[in-house]
Structure formats: C-alpha cells, structure tokens
2 protein chains.
Amino acid sequence: MDSYKLPGAYKLFFGTLANDSRLKIVNLLRHGSKNVTEICHATGFEQSMVSHNLKMLEYHGMVFVAKKGKFRQYSLNEKTIKPLVELIDAHMKQYCCKILEGKR
Amino acid sequence: MDSYKLPGAYKLFFGTLANDSRLKIVNLLRHGSKNVTEICHATGFEQSMVSHNLKMLEYHGMVFVAKKGKFRQYSLNEKTIKPLVELIDAHMKQYCCKILEGKR
DNA sequence: TAATCATATGAAAACTTATTCATATATTTA
DNA sequence: TAAATATATGAATAAGTTTTCATATGATTA
C-alpha cells in the first residue's frame with residue numbers, strides 16, 4: 001500500500017463519498033441503474049446538481065455511464081461499492097455506536 | 001446494508017478520511033503507535049492541529065488512545081484500515097488511472 | 001509548589017467544496 | 001427544421017471544513 005502516497009488519491013476517493021447527496025445517489029443506484037431524470041425524481045434533487053455529482057462519481061470510477069439515445073444510464077460500480085459498504089458497516093457496528101445512535 | 005441510512009453515518013466516516021493531514025497521520029501510525037509530540041515531529045504539523053485531527057479520528061474509531069503518564073499514545077485501528085486501504089488500492093488500480101497519474 | 005512539558009479546546013480566520021442559476025449542447029419528435 | 005426533452009457546464013454564491021491562535025488543563029519534574 002505504500003506504493004501510493006496515502007494523501008492525494010485517497011483524499012479524492014474519500015472526498016467523493018463524503019457527501020450526502022452523492023451517497024444518496026449511490027444508494028439509489030444500488031437498486032438498479034437509472035438515468036439522470038429518474039435520479040432527480042427519486043432523490044428530489046435538482047438536475048444540474050445531480051449532473052455535477054454524477055460527473056464526480058464517474059470520474060472516480062464509482063459509477064459508469066452508458067448512452068441510450070438522449071438518455072444517460074448511470075450504474076454503480078458494485079465491485080468496489082459492495083465490499084466497501086460491508087467493511088464500513090462492520091466498522092461502524094463495532095466502533096461507532098455513538099455516531100449510529102446520534103446521526104441516523 | 002440498508003439497515004443503516006447510507007447518508008449520515010457514512011458521510012462522517014468518509015469525511016474523516018477525506019483530508020490530507022489526517023491521512024498522513026493514519027499512514028504514519030501504520031508504522032507503529034506514537035504520541036502527539038512524535039506525530040508532530042514526524043509530520044511537521046502544528047500540535048493543536050494534530051490534536052484536533054486525532055480527536056476526529058478517535059471519535060470515529062479509526063485510532064485508539066492510551067494514557068501513558070503525561071503522554072498519549074495513539075494507535076491505528078488496523079482491523080478497519082488495512083482492508084480499507086487494500087480495497088481502495090484495488091479500486092484505484094482498475095478505475096482511477098487518471099487520478100493516480102495526475103495526483104500522486 | 002513553581003516551573004515545565006504534553007495535550008486539549010474554543011473561536012476566528014482561511015480555505016475548500018457544494019449547490020444554484022443561467023445557459024449551452026445533444027438528441028429526438030412533431 | 002422548429003420545438004421539446006435530456007443532460008452538461010461555468011461561474012457565482014452559499015455552506016461546510018480545516019487550520020491557526022490564544023489559552024486552558026493535566027501530569028511531571030526540579
């Protein structure tokens with residue numbers, strides 16, 4: 001792991017997920033891929049905000065896009081997200097009782 | 001995983017690691033536990049800044065503290081950090097060539 | 001117990017990131 | 001091809017986070 005400088009790339013990785021709007025989008029996409037309009041409706045977020053956030057998620061490899069006519073279908077990178085979420089769930093159950101009680 | 005709301009607790013988790021100073025501290029502690037003064041020397045960071053950041057890391061269960069007289073020895077929660085870093089490394093190698101090229 | 005050393009803390013200032021707004025682009029349909 | 005629909009983008013503002021500074025607290029040593 002020392003092959004990468006921990007700061008820098010890691011900061012970008014974590015920063016991409018350190019945002020409630022993006023997390024909500026990520027969570028939504030766990031139930032299946034969606035286009036931008038569908039994401040807007042499901043989340044209640046503004047279209048340009050969704051696009052900005054999807055762009056960031058895509059740039060960091062957390063979601064993929066596919067052109068479908070005038071639509072763009074976004075899907076989750078399950079390969080990363082699934083184990084990541086499992087890992088964090090385990091962490092939180094064990095170490096973050098305070099956070100879970102207070103903040104969900 | 002739907003037992004937790006993805007936003008909220010997750011945002012706090014990722015937010016805690018989305019910072020270069022904290023990542024540098026985390027990386028340092030991978031080589032063994034250290035007290036605050038040692039962390040300051042090794043990182044070049046200001047003492048109060050280190051304390052603030054350690055507090056956040058500790059609150060989120062990423063480091064542990066042990067009182068040793070007037071010192072406080074901080075150690076890493078390897079159980080979480082190790083698999084986390086492995087996961088992200090794998091992710092970055094596969095999906096984030098751009099980031100790694102540009103930013104390390 | 002006074003002085004010193006180690007660490008913590010609150011509030012302000014500096015910095016970063018997110019959201020919004022206006023508008024542009026691309027695709028499709030009438 | 002004009003109008004409508006879907007999405008993207010840049011720049012400005014708003015919101016949030018980090019760092020700094022001054023100082024407080026707690027333990028130890030002289």
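Proteins get letters first, then strands, A, B, ... in listed order; numbering begins at 1 in each.
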Is the phosphate of [N] approached by [X] (side-chain N or O, under 4.0 Å from OP1 or OP2)?
X       : N      : result
A:Arg72 : D:dA6  : no
B:Tyr74 : C:dA8  : yes
A:Asn53 : C:dA18 : no
B:Ser51 : C:dT9  : no
A:Lys55 : D:dA8  : no
B:Tyr59 : C:dA8  : no

Rounded to whole Å, how long is the line connecting atom [atom1] of [X] with atom [atom2] of [N]?
X       : N      : atom1 : atom2 : answer
B:Phe45 : C:dA6  : CZ    : C1'   : 19 Å
B:Leu57 : D:dT18 : CG    : C1'   : 13 Å
A:His41 : D:dT7  : NE2   : P     : 10 Å
B:Leu17 : D:dT17 : CG    : C1'   : 15 Å
A:Leu54 : D:dT7  : CG    : C1'   : 10 Å
B:Phe71 : D:dT29 : CZ    : C1'   : 12 Å

Counting distance only, does the side-chain N/O of [X] pair as donor-acceptor with the main-chain N or O of [Y] below 3.5 Å?
X       : Y       : result
B:His91 : A:His60 : yes
A:Asn53 : A:Ser21 : no
B:Arg72 : B:Val65 : no
B:Asn77 : B:Gly61 : yes
A:Arg22 : A:Gly15 : yes

Original post:
Does NZ or CZ of A:Lys24 lie under 6.0 Å from the centre of the six-membered ring of A:Phe45, at an angle within 45° of the ring axis?
Top reply: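 Yes, cation above the ring, under 6.0 Å and within 45°.
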Original post:
What is the distance from atom CD1 of A:Ile88 to atom CG of B:Leu12, rounded to the nearest 0.5 Å?
Top reply: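 Reported value, rounded in 0.5 Å steps: 11.5 Å.
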Original post:
When rounded to the nearest 0.5 angstrom, what distance separates CG in B:Asn27 from OG1 in B:Thr43?
Top reply: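 B:Asn27 atom CG to B:Thr43 atom OG1 measures 11.5 Å (nearest 0.5 Å).
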Original post:
How are the rings of B:Phe64 and A:Tyr95 set to each other: parallel, tilted or perpendicular (split at 30° and 60°)?
Top reply: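 It falls in the tilted class, 30° to 60°.
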Original post:
When you measure from the side chain of A:Ser21, which nucleotide among C:dA6, C:dA8, C:dT19 comes out closest?
Top reply: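 Side chain of A:Ser21 sits closest to C:dT19.
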Subject >> Protein-to-nucleotide contact annotation, 5' to 3' order, nucleotides 20-30 of chain C [B base; S sugar-phosphate only; - none; under 4.0 Å, heavy atom] >> reply: BBB----SS--
Just the atom pairs and distances: protein N or O near nucleotides 12-17 of chain C's N or O, under 3.5 Å.
unit_1: C:dT17; atom_1: OP1; unit_2: A:Lys11; atom_2: NZ; d: 2.9

